[in-house]
Protein chains: 2
Amino acid sequence: MSDVARRAGVSKMTVSNVLNGRTRVGEATRRRVLEAVDELGYEINLTARRLRAGRVDTVALIVPRFDHTYFAELATSFATEVANHGRHLVVAQSGASKEGELSELSLARLRQYDAVVLSAVGLTYDEVDSLSSTQPLVLLGEQDVPQRFDHVSIGNAEGARLAVRHLLGRGARRVAVVDGPSVGPAGTGAPGGLDPTSGLRTQGWRTAHADVGLVPDERLVLGGALYTAQGAREVVLRALAAGLAPDAVFAVTDDMAYGVLAALHDAGLRVPQDVAVVGFDNLRGSEFAVPGLSSVDPGRDWIARQAVSVIERRLAGEAFEPVRLTTPVELVVRGSSA
Amino acid sequence: MSDVARRAGVSKMTVSNVLNGRTRVGEATRRRVLEAVDELGYEINLTARRLRAGRVDTVALIVPRFDHTYFAELATSFATEVANHGRHLVVAQSGASKEGELSELSLARLRQYDAVVLSAVGLTYDEVDSLSSTQPLVLLGEQDVPQRFDHVSIGNAEGARLAVRHLLGRGARRVAVVDGPSVGPAGTGAPGGLDPTSGLRTQGWRTAHADVGLVPDERLVLGGALYTAQGAREVVLRALAAGLAPDAVFAVTDDMAYGVLAALHDAGLRVPQDVAVVGFDNLRGSEFAVPGLSSVDPGRDWIARQAVSVIERRLAGEAFEPVRLTTPVELVVRGSSA
DNA sequence: TTGAAAGCGCTAACAC
DNA sequence: GTGTTAGCGCTTTCAA
C-alpha cells in the first residue's frame with residue numbers, strides 16, 4: 001500500500017480511503033490511486049486488515065466429514081445463508097473423532113473466524129463446556145450441551161415417530177429400525193453416549209408403536225451398524241439370515257437406507273411390496289434411489305437460517321438468553337413406502 | 001500476550017518463546033508463563049501471527065458446490081492429504097457460476113492461504129490467466145489452462161472409452177451417452193465451452209465405437225441435461241418416449257447415472273438385462289445403488305496426492321516447470337452392467 | 001536465558 | 001479532501 005501511495009503521490013491513508021470508498025476523495029486523486037493499484041498489481045492484504053479490524057467476515061462450519069452427504073448438503077445451506085448476510089463460509093472437517101474436533105477448535109483456530117458453527121458429534125459435555133466463547137459459537141446436534149451455548153437440534157424423536165407411524169399405518173407390523181454403533185438390541189448394554197441422535201430416533205420408533213397400542217419386538221432393533229450404507233447393508237443381511245423377517249425398515253439415516261435397499265435387493269425382496277423402507281435426512285439423492293426413498297426431512301435450510309440469524313444478532317451485539325431450537329420435521333413419502 | 005507477560009513478570013518475548021518452544025527458557029520462568037496463560041485463558045491470535053509470519057498453514061480448496069458428491073469426496077481426499085503435511089484444509093464454494101468463482105478468488109481472498117487448489121469449472125482461459133500467482137495455485141479440471149499453472153486433470157476421454165468399450169464388449173449396440181448442458185446432439189451447435197469435461201467424455205464414447213469399427217448413432221448423444229440426477233432422468237425419459245431404445249447408457253457422472261437408473265425403473269426396464277448402465281466418478285454411494293452402479297474411478301486420492309505434493313514442493317521454494325498431470329482411470333464393474 | 005526495539009500491512013482518530 | 005500518528009498482536013533480530 002505504501003508503494004501504491006508513493007506512485008500515486010499520496011499517503012497510504014488516501015489509498016485506503018479510495019479502496020474502501022470511505023471518505024470523500026477527489027476524483028483526480030481517486031483516478032491516480034486506482035491507476036497505481038493497477039500498474040503495480042496491488043492487492044490488499046486481508047490478514048493485515050483483519051488484524052486491524054478484528055473481524056474477518058467469515059463464518060466457519062465444522063463438520064465431522066465432508067463426504068457424508070448430510071453434512072455436504074448442510075454446508076451448502078449454510079453457505080447460501082451466510083452469503084445472504086455478506087459473509088463467507090468456510091468449511092473444515094473435524095474427522096468425526098474427538099481428537100479431530102478438538103484440534104480443529106481449540107488451538108485458537110476458532111478465533112480466526114467471526115463465528116463458528118460446530119456440528120458436535122463426538123464431543124462430551126465437558127469438552128464443549130471448556131470451549132471459550134470469545135465469539136459466537138452455535139452448536140448443532142443432539143448433545144446435552146451447556147446452557148450458555150446457542151443450540152439448534154433436529155426433531156429426531158418426532159421425525160422417527162412420523163416415519164414409523166407411517167409404516168404402521170400402511171399395515172406393517174414388523175418394523176425393523178437400523179441404527180448406529182451406540183444402539184444395540186435391548187439389554188445388550190451397548191456403549192452409550194457419543195451421539196444420542198440415533199438413540200433418539202430409535203426412541204421415536206418405540207413411541208410410534210406405543211401411539212397405536214403396539215409393543216414392538218425389540219429384536220427388530222438392528223443396532224451396531226456403522227453410519228454408512230455398508231454397515232446398514234450388513235446388518236440387514238444378517239437379520240434376514242437370522243429369520244427376523246421384517247415387513248418394513250426404518251433406517252436412521254438416508255445413507256443407511258441406501259444400504260438397506262441394496263441388502264433387500266441382494267436378498268431378492270421387493271420394495272415396497274415385500275418390505276417398505278423409510279430413511280431420515282431426505283438427501284437430494286433420495287429422490288433418485290430405486291425405488292424413490294421415503295424420508296424424514298430435517299429442514300437443513302431452516303437450521304441454517306436459524307443458526308445464522310442467531311450469529312448475526314450476536315455479532316450485532318445483541319444480548320439474549322442462549323437460544324435452544326428444534327427443527328420442525330416432515331415426512332416425504334416416495335416409492336419405497338407408497 | 002502483554003497481559004500474560006505482565007502477570008508472569010516477564011517480557012512478551014519470553015511468553016512467545018515459551019508458547020513456541022523456540023529458545024531455551026528457564027524451567028521456573030516457563031512454569032510461571034504457562035500459569036499466567038492458564039489463569040488469563042489466553043489464546044494466541046493467529047491473525048497476528050500470520051501477519052508477522054506471512055504464512056498460515058492452511059490450504060484452500062475451491063469447489064463449485066459442496067453438495068455435489070464428487071466434490072465432497074474430493075474435499076475429503078484433500079483434507080487427509082493436506083493434513084499429512086501438517087496443514088489444514090479449508091473448503092469454499094464458488095457457486096459454479098463464473099461470478100462466484102471469481103469473487104471467491106480475486107478479492108485477495110486467495111492471499112490468506114498458503115496455497116489454493118481451484119476446481120476451475122466455469123472459468124475461461126483469460127480469467128484464469130488473470131489470476132496473480134503470488135502463491136501456489138493448482139488447477140483441477142479440464143480447462144485448457146495457461147502454461148504457468150500447475151494442472152491436474154482426469155483421464156476423461158480414456159475413462160469414457162473404457163466404459164463404452166466395456167458396454168460394447170458385452171454386446172450392446174445402441175449405447176446412449178447422457179451428457180451435460182454444453183453437449184447437444186451432433187449438428188445442434190450447442191453452446192460450447194464452459195467446461196469441456198463432458199465433451200471429452202462424449203468424445204471417448206465415439207472413440208470406443210471407432211476402436212471396434214462401429215459407427216455410433218449420433219441421436220444417442222443425449223446432451224443438454226443439467227449435471228444432476230434430475231436432469232439425466234428427464235433426458236432419458238424423453239429419449240425413451242421418442243423411441244430411441246438404447247440397450248445401454250453411459251452417463252458422464254454418477255449423479256446423472258442415478259437419474260438414469262431412476263428413469264429406467266420408471267419405464268419398467270430392467271438393469272442390466274434390458275439396459276446396462278455405466279457412470280463416471282465412482283462415488284462411494286455407487287456401490288449401493290440398485291443395482292450396484294458400474295463406474296469409472298477417476299482416482300481422487302491420486303489427484304489429491306499429486307496436487308498437494310506439487311504445492312509442498314512449491315512452498316519449499318523448489319523451482320520447476322509447471323506440472324501437467326492426468327489421472328490414471330479405472331473401470332469398476334458392478335451389477336448395472338455385469 | 002531474557003528483553004527492547006522494530007515492523008508485518010492495515011485503518012481509526014484526529015489534525016490540517 | 002488529505003495526511004499524521006498510533007497501534008492491532010505477534011516474532012525476528014540483536015543486545016544484555
Checklist entry - Closest to the A:Ser16 side chain: C:dA4, C:dT11, D:dG1? => result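 The nucleotide sitting nearest to the side chain is C:dT11.
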Item to check | Candidates C:dA5, D:dC10, C:dG9 - which lies nearest the side chain of A:Asn45 | outcome: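 The closest nucleotide is C:dG9.
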d([atom1], [X]; [atom2], [N]) in whole Å:
X       : N      : atom1 : atom2 : result
A:Leu46 : C:dC10 : CG    : P     : 9 Å
A:Arg6  : D:dT4  : CZ    : P     : 13 Å
A:Met1  : C:dG7  : CE    : C1'   : 16 Å
A:Leu51 : C:dG7  : CG    : C1'   : 12 Å
A:Arg52 : D:dA6  : CZ    : P     : 13 Å
A:Arg32 : D:dG1  : CZ    : P     : 15 Å
B:Arg22 : D:dT11 : CZ    : C1'   : 8 Å
B:Met13 : C:dA4  : CE    : P     : 12 Å

Next on the checklist: Here's a test of your reading of the structure: between A:Lys12 and A:Val25, which maps to the more 5' nucleotide of DNA chain D?
Outcome noted: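 In this pair, the answer is A:Val25.
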Checklist entry - How is A:Asn17 classified with respect to the nucleic acid when contacts are heavy atoms under 4.0 Å: base, sugar-phosphate, or nothing? => result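 The residue A:Asn17 makes no contact with any strand.
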Next on the checklist: Using a 4.0 Å heavy-atom cut-off, does B:Thr29 contact any base of the nucleic acid, only the sugar-phosphate backbone, or nothing at all?
Outcome noted: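 Since only primed, P, OP1 and OP2 atoms lie under 4.0 Å of B:Thr29, the category is sugar-phosphate.
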Item to check | Donor-acceptor contact present, side-chain B:Arg32 to main-chain B:Ala8, <3.5 Å | outcome: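 Yes, B:Arg32 side chain to B:Ala8 backbone: donor-acceptor pair under 3.5 Å.
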Checklist entry - Is there a donor-acceptor contact under 3.5 Å from the side chain of B:Arg324 to the main chain of B:Phe149? => result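 Looks like yes, one N/O pair under 3.5 Å.
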Next on the checklist: Looking at B:Glu35 and B:Arg31, is there a salt bridge between them, counting it only when a charged N and a carboxylate O are closer than 4.0 Å?
Outcome noted: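 No, no charged N to carboxylate O under 4.0 Å.
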Item to check | Nearest-nucleotide comparison on DNA chain C, the residue closer to the 5′ end among B:Thr14 and B:Ala48 | outcome: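 That would be B:Thr14.
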Next on the checklist: For a quick test of reading the model, state the closest non-hydrogen atom pair linking A:Ala5 to A:Lys12 and the distance between them.
Outcome noted: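 That would be CB-N, 3.5 Å.
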Checklist entry - Can you name the nearest heavy-atom pair linking B:Ile311 to B:Ala115, along with the distance? => result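 Between these two residues, the closest heavy atoms are CG2-CB, 3.6 Å.
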